Protein chains: 2
Amino acid sequence: MRPSGRPRQADIARLAGVSQPTVSLILGGTAAALGIAEETQRKVMEAAERLGYMPDPIATRLAAGQNNLLGLYTFTSTFPTEMSHAYYPFLVGIEEETAAQGYDLLMFIASSVTGERPHAQVLNRVRLADGCLFLGRHLPVPEMGRLLATDLPVVYIGRHDEFGDRLPYIGADYVSAGAAVVRHLAGLGHERILYVREADEAITSIDREAGFRGGMDECGLAAVVVRTDGTDLTPDRLRAWRDQGVTAVVTEATDTDAAHRALLAAAERAGLRFPDDLSLATLGDPRDRPKGLTGFAVPRREMGAAAVRLLTKLIAGDRTVPRHQLMTCELEPGETAAPPR
Amino acid sequence: MRPSGRPRQADIARLAGVSQPTVSLILGGTAAALGIAEETQRKVMEAAERLGYMPDPIATRLAAGQNNLLGLYTFTSTFPTEMSHAYYPFLVGIEEETAAQGYDLLMFIASSVTGERPHAQVLNRVRLADGCLFLGRHLPVPEMGRLLATDLPVVYIGRHDEFGDRLPYIGADYVSAGAAVVRHLAGLGHERILYVREADEAITSIDREAGFRGGMDECGLAAVVVRTDGTDLTPDRLRAWRDQGVTAVVTEATDTDAAHRALLAAAERAGLRFPDDLSLATLGDPRDRPKGLTGFAVPRREMGAAAVRLLTKLIAGDRTVPRHQLMTCELEPGETAAPPR
DNA sequence: CTGTCGACCTAATGCGGATTAGGGAGATGT
DNA sequence: ACATCTCCCTAATCCGCATTAGGTCGACAG
């Protein structure tokens with residue numbers, strides 16, 4: 001008994017009095033069918049029509065050797081988090097471009113795996129696809145190392161230089177964007193600008209700080225950087241900064257936004273308002289946060305699309321594409337930054 | 001040369017010094033591997049581990065008819081729309097439950113190829129997965145009909161009775177929820193309540209209206225329903241309603257929210273405020289809209305999860321599960337509805 | 001010492017279609 | 001009449017895995 005009740009090429013072949021490969025050539029082939037008699041083609045087409053034939057995509061792909069699946073794996077416990085909607089634009093870009101390239105998206109999910117190395121198993125399944133995208137602030141180095149040892153094409157969304165040239169990525173140019181924010185503030189007249197960052201040593205944090213420092217240098221200002229875990233930002237401390245002549249504060253944007261939130265809370269309790277008492281900017285995307293914040297726009301959708309394009313080129317065997325790409329972020333002036341009083 | 005660089009069962013077999021079927025039995029088999037010597041199993045497992053073997057889902061499905069992939073197909077030109085974020089909670093629920101059930105998610109994307117029947121191609125690819133979820137307000141009847149003619153298990157998220165029992169779905173109980181909103185308004189003291197809906201004849205629209213009418217009936221009030229395309233809601237008309245004694249307006253929530261927006265715009269121009277001059281509620285989820293709106297909460301995440309559970313049961317061959325399920329929506333009282341002045 | 005029974009594994013085959021090498025039949029040339 | 005050449009189509013295989021029907025070998029009973 002045939003597992004599927006649907007007609008196969010063999011059925012058509014029988015009905016049309018030809019062989020299965022002939023049917024395959026005529027139905028599937030575009031140019032290959034050129035050498036086949038019109039009459040035969042007609043018979044086969046008719047038979048196919050009559051039986052309501054639809055090629056089985058599974059069999060097609062098994063025979064064709066590729067499955068046209070792009071994997072997507074998100075580190076950092078996927079979607080149900082609060083900041084998750086920030087990933088959404090990436091998804092949109094990935095989706096659009098995946099479709100445009102003729103692939104389907106295979107999403108791998110980490111959450112169910114509660115082993116000690118939660119990513120180990122999934123990183124193995126990932127090889128189901130023809131290639132895989134990765135997304136997430138923190139990169140699990142050992143697992144990724146093993147994956148890179150295989151020949152599976154991979155693209156990371158986010159800058160990660162731990163593996164040098166071996167790990168292709170599409171990143172955002174936080175350094176330039178951070179400097180632009182500083183220039184914006186300096187242009188407004190600020191001279192004492194404070195950068196509040198978290199203790200986290202993710203590469204994006206390092207880049208942001210570098211951008212801040214670079215921008216300050218460029219403007220001939222002295223960079224002051226404060227690290228916080230969020231709990232030590234007291235209203236008193238804010239007032240002290242202000243008394244020392246600080247007119248603008250720049251916060252780091254992270255997935256938890258701990259420092260940023262703590263600062264807002266402290267300011268509120270200190271009775272300080274933005275931008276009246278202090279200007280505020282963030283080295284991140286204001287669209288994730290309450291309106292009006294000054295920052296820069298991370299082109300997430302475009303990054304997603306670019307990642308897909310890079311990945312498909314790698315899958316196609318293109319060895320000449322630049323494996324690292326940093327996309328520029330536009331400055332987003334908001335109302336929280338104004339000239340100092 | 002082998003098309004795929006990935007290791008196959010044959011490679012494991014060679015490495016472990018056994019035959020390919022033995023590998024298949026050990027790796028794939030649950031009970032079937034019982035009759036195989038421990039020593040052999042160990043060797044095979046080790047070899048598989050060493051090679052980083054992952055079964056090819058395509059081949060698996062071709063041979064066995066299942067690959068642990070759940071498809072997800074979204075009608076209604078997928079994500080980049082404005083209301084798209086409303087789909088996000090569904091995705092979250094789907095993802096969590098998919099992982100919990102041990103599946104991966106295969107997202108099918110309506111190809112940007114704008115043929116005359118954009119869904120025709122994708123609905124064929126859908127058969128890659130063991131089963132498929134569908135999401136979207138408007139169901140393409142002919143394509144779905146053809147899909148239902150195959151034996152692929154399918155679950156629709158959203159109520160659709162066009163195919164009777166043949167199309168399983170997880171829906172939201174708009175009828176009950178609509179009635180609850182009306183009861184809420186009536187409880188506040190409103191007696192003349194107007195329902196503004198769009199011309200759209202989607203089943204969800206029909207249900208909402210039924211809910212409204214049912215609620216009004218229940219409260220002994222006369223239901224008045226107005227249809228609009230959004231352009232004919234003038235400030236004058238609003239004032240006229242108010243002069244006729246209407247104290248509350250209920251709008252229909254749709255993916256475009258045309259009627260709802262038009263009403264808000266007209267009210268603004270008429271200088272009418274909610275709830276001071278008029279109470280306002282929507283037969284939809286206020287979380288999609290500006291804060292404070294009275295409506296009901298559609299349990300999207302739970303619906304997504306329920307859909308996955310239903311689908312996996314169908315895949316497992318369970319013929320006893322209820323194929324249609326309506327989930328209740330909690331009333332969400334907001335500040336736009338208050339007792340009439 | 002032979003027959004029987006398990007225990008373990010493999011040969012063979014199928015799933016549905018793509019691809020390639022090659023063969024039969026008719027036409028053409030000499 | 002025989003070699004050659006085309007034109008069309010088919011036989012054979014493969015893709016990677018699952019499944020079933022044996023087959024082999026040692027142990028143990030008779």
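Nothing here was measured: the structure is a model prediction, and the numbers come from that model. Residue numbering restarts at 1 for every chain, and letters A, B, ... go by the order of the sequence lines.
- For the pair B/Leu128 CG and C/dG16 P, the computed distance is 15 Å after rounding to whole Å.
- A/Glu46 has no carboxylate O lying under 4.0 Å from a charged side-chain N of A/Lys43, or vice versa, which leaves the two without a salt bridge.
- Relative ring orientation between A/Tyr73 and A/Phe134 is described as perpendicular, the plane-to-plane angle rising above 60° on a 0-90° scale split at 30° and 60°.
- Here D/dC14 presents its P atom at 11 Å from CZ of B/Arg8, a figure rounded to the nearest Å.
- The CD1-P distance, from A/Ile26 to C/dG16, rounds to 20 Å in whole Å.
- Judged by closest nucleotide on DNA chain C, B/Glu38 is the one of B/Ala63 and B/Glu38 placed further toward the 5' end.
- Counting only residues at least two apart or in different chains, salt bridge (Lys or Arg N to Asp or Glu O under 4.0 Å) contacts with residues 306-324 of chain B comprise B/Glu97-B/Arg309, B/Asp165-B/Arg323.
- Note: CZ (B/Arg14) to P (C/dT10) measures 14 Å, nearest angstrom.
- Taking atom NZ of B/Lys43 as the reference point, atom P of C/dC9 lies 8 Å away to the nearest angstrom.
- Note on ring orientation: taking the six-membered ring where Trp is involved, the planes of B/His160 and B/Tyr156 are perpendicular (angle over 60°, cut-offs 30° and 60°).
- Look at A/Ser24 and you'll find a side-chain N or O under 4.0 angstrom from OP1 or OP2 of C/dA18.
- In terms of position along DNA chain C, the nucleotide closest to B/Gln20 lies nearer the 5' end than the nucleotide closest to the other residue of the pair B/Ala59 and B/Gln20.
- A straight line from CG of B/Leu62 to C1' of C/dG14 spans 9 Å, rounded to a whole angstrom.
- Across the protein-nucleic acid pair, B/Ile58 atom CD1 and C/dC15 atom C1' stand 13 Å apart, rounded to whole Å.
- Here the nucleotide nearest the side chain of B/Ala37, chosen from D/dA18, C/dA18, C/dC8, is C/dC8.
- The side chain of B/Thr60 has D/dA18 as its nearest neighbour among D/dA18, D/dG16, C/dT10.
- The nearest heavy atom of DNA chain D to A/Thr40 and to B/Thr22 marks one nucleotide each, and the one closer to the 5' end goes with A/Thr40.
- What separates CD of A/Gln9 from P of C/dC15 is a distance of 14 Å, to the nearest Å.
- The aromatic ring centres of A/His324 and A/Tyr169 sit less than 6.0 Å apart.
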